Student: 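Sharing a structure below in structure tokens format, with a few things to ask.
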Amino acid sequence: MTKTKMIIDCDTGVDDALAIAYILADPQIEVLGITATYGNIDLHSAARNSLSILELFHREDVGVYKGAEHAYDKTSYVRGNKSPLIHGENGIGNVDLGSPKKQPNKENAVDFIIDSAKRYKEDLHLVFVGPLTDLADCIRKDLEAMKLCGDITIMGGALTVKGNKSVYAEANICSDPSAAKEVFASPLHLSVIPLDATLKTLFKVSDIRSWKDLGFAGRSLYEIARFYYVHELGGEETGGAMHDPLAAYASKDPSIITNWFPCNLTVEENGRTIGSFEELNLKEKRHRVALDVDAKRFSDDYISSVSELIKRS
Ligand code: BDR
Ligand code: CA
């Protein structure tokens, strides 16, 4: 079996942590590294959270590489006031995993991604589940290398539903609209997983309750996820959306998306993702946008593979 070689760029956050758990769990995925960005929390805490999740599953062999500290149009990072309520003060549901033993790698995220693109070419799948500053930086630095990648998937945007940051805007795109606009205007072909699909993947506490009794790793991941499932949307009965895990899953297996809409995206001033009017008549569409998902298959696969990972840890 040829494994999908994957790098994920995270602003680690709870659903980011759940995406990391998933890519470690899936036997068809080889995790090459995790790059860190600001977003749900500051860059340094995001990197630390990723290191802690790797340690929880005894995968200290996977490196963590730091990327951008703030958005293009800002001079520093300011945490959104909803973020601690959804992801906890520490970004991982206020669960204390202690200080990770390892430090982030010396190489920065952009160089690590570009070097990997040159090395693995079409075998490399890149998944971006935070603001798009790191991806825009990679494009600015070496577009030709980025064109070699087999797949680039991003979690972001809202096409047919309202946003989660404002009525127009989704959080990842809205955190750095200038970077997102550059990314969408670039010649790269992208798979885009917006709220339209991710809001159909709501998990509840009851879906993961069995993890609680599966030792330290299970109990910790259960507590991390529980915080988010209770606080992200309408409370425990509504559950929380598996935004970032769905993006990682779709990069490995695009057939989980049951409706891909081809278009050329752009970003408006207010952070809204929308089809570019200037490119309306262009035959070639660079982006495919996920509008529907086989939520049952995703949820069954996610829970069974992460449960196996927990049992092994
Ligand atoms: C996205 O924003 C972040 O809060 C989540 O981690 C996810 O990547 C959802 O809009
Ligand atoms: Ca994220």
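Positions are given from 1 along the sequence. For clarity, every value in this text was computed on a predicted model and none was experimentally measured. Start at 1 and go down the list; that is how both ligands and their atoms are numbered.
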Student: Can you see whether Arg297 engages Ser255 through a side-chain donor-acceptor pair at a distance of less than 3.5 angstrom?
Tutor: yes

Student: For ligand 1, which atoms sit closer than 4.0 Å to a heavy atom of His87?
Tutor: 4 (O)

Student: List, one per line, each side-chain donor-acceptor pair under 3.5 Å for residues 154-164, sequence neighbours excluded.
Tutor:
| from | atom 1 | to | atom 2 | distance (Å) |
| --- | --- | --- | --- | --- |
| Thr160 | OG1 | Asp196 | OD2 | 2.5 |
| Asn164 | OD1 | Ala171 | N | 2.8 |

Student: Please determine if Lys200 and Asp292 form a salt bridge, counting it only when a charged side-chain N lies under 4.0 Å from a carboxylate O.
Tutor: yes

Student: Among all residues two or more places apart in sequence or in another chain, which pass the ring-ring contact (aromatic ring centres under 6.0 Å, His included) test with His287?
Tutor: Phe184

Student: Using atom types as modelled, flag every donor-acceptor pair under 3.5 Å from a side chain in residues 8-15 to any protein atom, sequence neighbours excluded.
Tutor:
| from | atom 1 | to | atom 2 | distance (Å) |
| --- | --- | --- | --- | --- |
| Asp9 | OD1 | Thr35 | OG1 | 2.6 |
| Asp11 | OD2 | Asn40 | N | 2.8 |
| Asp11 | OD2 | Asn40 | ND2 | 3.1 |
| Thr12 | OG1 | Ser50 | OG | 2.8 |
| Asp15 | OD2 | Asp244 | N | 3.4 |

Student: Hey, is NZ on Lys285 packed in by over 12 heavy atoms from elsewhere, all under 6.0 Å?
Tutor: yes

Student: Distance to 0.1 Å, residue and atom name: give those for the protein heavy atom nearest to atom 10 (O) of ligand 1.
Tutor: Glu170 OE2, 2.4 Å

Student: Just to confirm my output: which protein heavy-atom neighbour is closest to atom 8 (O) of ligand 1, and how far is it?
Tutor: Asp244 OD1, 2.6 Å

Student: Nearest protein heavy-atom contact for atom 2 (O) of ligand 1: which residue, which atom, what distance?
Tutor: Asn172 OD1, 3.3 Å

Student: Counting from 1, what ligand 1 atoms have a heavy atom of Asn164 closer than 4.0 Å?
Tutor: 9 (C), 10 (O)

Student: Considering non-hydrogen atoms of the protein only, which is the closest contact for atom 3 (C) of ligand 1, and what is the distance?
Tutor: Asn40 OD1, 3.2 Å

Student: Near Met155, which atoms of ligand 1 are under 4.0 Å from a heavy atom of that residue?
Tutor: 1 (C), 7 (C), 8 (O), 9 (C)

Student: Under a heavy-atom criterion of less than 4.0 Å, does Lys165 contact ligand 1?
Tutor: no

Student: Do NZ/NE/NH1/NH2 and the carboxylate oxygens of Lys252 and Asp151 come within less than 4.0 Å?
Tutor: no

Student: Where's the contact between Ile86 and ligand 1, heavy-atom distance under 4.0 Å: side chain, backbone, both or neither?
Tutor: neither

Student: Any idea which atoms of ligand 1 are less than 4.0 Å away from a heavy-atom of Asp16?
Tutor: 6 (O)

Student: Could you tell me whether Lys296 and Asp300 make a salt bridge, using a distance below 4.0 angstrom between a side-chain N and a carboxylate O?
Tutor: yes

Student: To the nearest 0.5 Å, what is the distance between CD1 on Ile92 and CG on Asp16?
Tutor: 11.0 Å

Student: For Thr198, which part has a heavy atom under 4.0 Å from ligand 1: side chain, backbone, both, or neither?
Tutor: neither

Student: Examine the proximity of ligand 1 to Val129 and report which part, side chain or backbone, both or neither, has a heavy atom under 4.0 Å away.
Tutor: backbone

Student: Check Lys165 with Glu170, please: is the shortest side-chain N to carboxylate O separation under 4.0 Å?
Tutor: no

Student: Closer than 3.0 Å to the Ca ion (ligand 2), what protein N/O/S atoms do you find?
Tutor: Asp11 OD1, Asp16 OD1, Asp16 OD2, Val129 O, Asp244 OD2

Student: Charged N to carboxylate O below 4.0 Å: is that the case for Arg226 and Glu236?
Tutor: no

Student: What's the shortest distance from atom 6 (O) of ligand 1 to any protein heavy atom, and which residue and atom give it?
Tutor: Asp15 OD1, 2.6 Å

Student: Please say which of Arg288, Arg286, Glu284 ends up in a side chain to side chain donor-acceptor pair (under 3.5 Å) with His189.
Tutor: Glu284

Student: Return yes or no for this condition: an N or O of His243 is under 3.5 Å from an N or O of ligand 1.
Tutor: no

Student: Does this structure show an ion pair linking Asp26 with Lys3, if we count only N-O contacts that are shorter than 4.0 Å?
Tutor: no

